[in-house]
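Note sheet for the following structure.
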Amino acid sequence: GDKEYLRHCFQQRTHSVNRISIRTAGARSAMASPLALICAHKRVVVNGHGGELTGLCLDGDFAVTAGWDGELLVWGEHSGSVSSSFAECAQRIRGYRSDTPPCAVTALTTVADGYLVSGSLDGTCAIWSRHGHRNPLHPTLADGTLTTTDSSSEKNGAETNENEKADVPSAAEPPADPSTSVPEPTEDEHEEGIHAEQAELRIAAKLKWRNEEQYRGPYARVGAFFDAANADGVGATTAANETNPCSVRAILPLYARSGNPKSNDSNARATLPPISEEAKQTPPRYLVLATSHALGGGLAVGAFVKDVSDGLRTVDFLSHPEGVTCALVDQSAFDGKDRIVTGCLDGRVRVWAAIGFTEVSVDATDTHQKQTEQESDKAYETKCQTRTARFETSLRSKRASSKFVLEKTFENPHRGYSVTCVRWLGAHPSFPPPYRPPPPTAKEFDNDPPPAESSEETRAEIPVDWQGKDSALYFLSGGADGSVRMWELKLVTRNESVDTARNETIGASTNTEITHPEYVWDAEFGDPEITDAPAAPRVAKELRVHKGLANCSLLFENNGIKSLNVFGGKIAAGLADGTICAWGHRVFDNSGVHGWCLEKVTDPHDGRNSAVTTLSGCGLNMVVGTADGKMHIYA
């Protein structure tokens, strides 16, 4: 009887909870995820990298990761259920030259549909493609390492004999395509006369096939390796580049827009459209390689801007006094400018701006003059080379775009400690973009009455007391001191007095004030330092009981920020001791004021105090890379 009564009570309780959920579900626009599922550890990825995870990017149906073991791993299922995501590696790729020891891959990004670019610790970069045609990202980036021979060579004025022809090296065969399947070596169990040495050779052949099979897959390198610090691009090496190598820390693609507005026309620049998702599927115009010294110091370092359509020649260099650790790019062009944000080892954050890039169409056909009878072959060849060099210089000057200039330097934003990571806040419900009222409807005749204000304009009005209504861009920065700060680009007005027409009657002049809108960078108005935000009561109690911390800010003392990301409006930060913190922007007390609030603190898995170096989103999953080489799946 007691069991039946308990079962009846449990059923009644379940039904009432279900009725409440159904009744309140329609009143909510979007149900928030339970706090228990935010940053919740699910499992550890097996057969991952042999070193620290340095990057993750998505390309079509694949997720590609890079690590300090010098390899790229291609994963098929990555955004579905936790049990099937990152369960099996589809391909392994050696991200270094075949004639050099393995070198860590420190940067990886997707630059176009089916094309990836990786950068290594020694400054070596490569382009990878999953397309079956194996075309390079641009025709000027084709691999020119194959050697050719002259079959018509003569020796002492006589024709080369067959033996001498045999000694001439032939053209090198291209490497086998990794997408080409190789059948597994087979052996006949009933074959007789097989001695021990032959059996060992067959076992070795099968083991070799199994080892190479994991390196076969859809991706292959297209084009030649190139050095980030080399000014001449693909296929060139310099002595300075060999004696002072650099390490690639970030790779940023810059895409071009259609049209070519004049550089001195501010109205034309302000109408530049942002880069669409369709444009990001095409090859970029430039690649920005943020570098630091190969050994972690701060010598010849900076950000190299490479022209993709000109063999990755360096067209601009953003000089830094010390190594660049992280970088961001923005091409929203709300004011007609493209921007790059860099974090440096000297503890400063720099913002660089340039006029929005547009695609310039020029005639690239070079017509050579015909050779005259008086010209020798050598003189004509020299003339053609000079003309070609002059034509290429003219072509580059026509296609040249504006240079990046330093727009803002944040001095010591993290108390003098190095900047470890930067991240755009992105679209956030509490931080909308600046208000842009729709343009007035044009009148057909001058005497027509003004058009009535539409309901859309009325609904678009924002509160006057909202301090962030004139802000345009927001980004976060994390430092080695354990702080996370928020920066914004806000609109300010500058009044200028202009002398207008002189009044001849009284002999005086009248002044008129002209308002000039201007954007300036500054710390975010409301909560400039995220790590100083209060904790939710439940989190504060956990920190006080389990860790003995009276204040949540003590959690970040002597505990650097190693990684940052934004998921669904929540800021997630990985700390040096393996802890992951999540902040949300909401009302957290009786004051009714919105602000950042520490909502979740996740302790390291299995008590391993290993730094969280990577936080990447893959659908509903969060991939966490730690310094001990482990790869974790979080919700």
Residue L406 excluded, over 12 heavy atoms near CG under 6.0 Å: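 Yes, enclosed.
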
Other residues, nucleotides, ligands: >12 heavy atoms within 6.0 Å of E411 CD: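 More than 12 within 6.0 Å, yes.
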
List in chain and number order the residues that pass salt bridge (Lys or Arg N to Asp or Glu O under 4.0 Å) with [X], two or more places apart in sequence or in another chain; answer none if no residue qualifies.
X: D122; result: none
X: E277; result: K280
X: E71; result: R92

Centroid-centroid distance, H428 to W596, less than 6.0 Å: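 Yes.
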
Ring center gap for Y219 and W128 short of 6.0 angstrom: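 Aromatic pair excluded; centres sit 6.0 Å or further apart.
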
Please round to the nearest 0.5 Å and tell me the distance separating atom [atom1] of [X] and atom [atom2] of [Y].
X: I530; Y: L425; atom1: CD1; atom2: CG; result: 8.5 Å
X: F317; Y: T291; atom1: CZ; atom2: OG1; result: 6.0 Å
X: Y634; Y: F567; atom1: OH; atom2: CZ; result: 12.0 Å
X: T109; Y: Y115; atom1: OG1; atom2: OH; result: 15.5 Å
X: S118; Y: L108; atom1: OG; atom2: CG; result: 6.5 Å
X: F86; Y: E77; atom1: CZ; atom2: CD; result: 9.0 Å

[Y] backbone acceptor or donor facing [X] side chain under 3.5 Å:
X: R221; Y: G223; result: yes
X: T314; Y: F304; result: no
X: S616; Y: V623; result: no
X: K306; Y: A228; result: yes
X: K403; Y: V315; result: yes
X: T325; Y: V419; result: yes
X: D307; Y: S309; result: yes
X: Q331; Y: Y255; result: yes
X: N621; Y: V82; result: no
X: W424; Y: V329; result: yes

NZ/NE/NH1/NH2 to OD/OE distance under 4.0 Å, D310 and R285: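 Result for this pair is no, no salt bridge flagged.
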
Electrostatic pair R257:D338 at N-O distance under 4.0 angstrom: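 So R257 pairs with D338 through a salt bridge.
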
Looking only at non-hydrogen atoms, find the nearest pair between [X] and [Y] and report the distance.
X: R94; Y: Y215; value: NH2-CE1, 3.4 Å
X: E322; Y: C344; value: O-SG, 3.2 Å
X: C89; Y: Q91; value: SG-O, 3.2 Å
X: A112; Y: D59; value: O-OD1, 4.1 Å
X: H585; Y: S430; value: ND1-OG, 3.1 Å
X: W352; Y: S319; value: CH2-O, 3.7 Å

Geometric class of the W487/F410 ring pair [parallel <30°, tilted 30-60°, perpendicular >60°]: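 The arrangement is tilted - the two ring planes meet at 30° to 60°.
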
Geometric class of the F475/W521 ring pair [parallel <30°, tilted 30-60°, perpendicular >60°]: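 Ring orientation of W521 relative to F475: perpendicular.
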
Worked check of side chain to side chain contact (heavy atoms under 4.5 Å, CB included) between V624 and L615: CA-CA 5 Å; V624 176; L615 290 173; 3.6 Å; yes

Taking the side chain as every heavy atom from C-beta outward, state whether [X] and [Y] have any pair of such atoms under 4.5 Å apart.
X: R339; Y: L489; result: yes
X: L141; Y: V308; result: yes
X: C421; Y: I561; result: yes
X: P284; Y: L254; result: no
X: I251; Y: V288; result: no
X: F431; Y: E488; result: no
X: V45; Y: I633; result: yes
X: V349; Y: V341; result: yes

Once side-chain contact (heavy atoms from CB on, under 4.5 Å) is applied, do any residues pair with [X], and if so which ones, sequence neighbours excluded?
X: V324; value: A290, H320, T342
X: E529; value: R415, S483, R485, T531, D532
X: S332; value: D330, F334, L473

Distance-only side-chain donor-acceptor flag, S292 / R249, under 3.5 Å: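 Looking only at side-chain atoms, R249 and S292 do form a donor-acceptor pair, the distance falling under 3.5 Å.
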
Candidate pair C125 and L289, rule side chain to side chain contact (heavy atoms under 4.5 Å, CB included), full reasoning: CA-CA 10 Å; C125 301; L289 307 179; 4.1 Å; yes

Verdict with reasoning, S129 to H131, per side chain to side chain donor-acceptor pair (under 3.5 Å): CA-CA 6 Å; S129 175; H131 296 301; 4.9 Å; no

From CA spacing to verdict: side chain to side chain contact (heavy atoms under 4.5 Å, CB included), R423, I571: CA-CA 10 Å; R423 181 70 62 176; I571 301 175; over 6 Å; no

Worked check of side chain to side chain contact (heavy atoms under 4.5 Å, CB included) between S563 and T613: CA-CA 6 Å; S563 55; T613 58; 5.9 Å; no

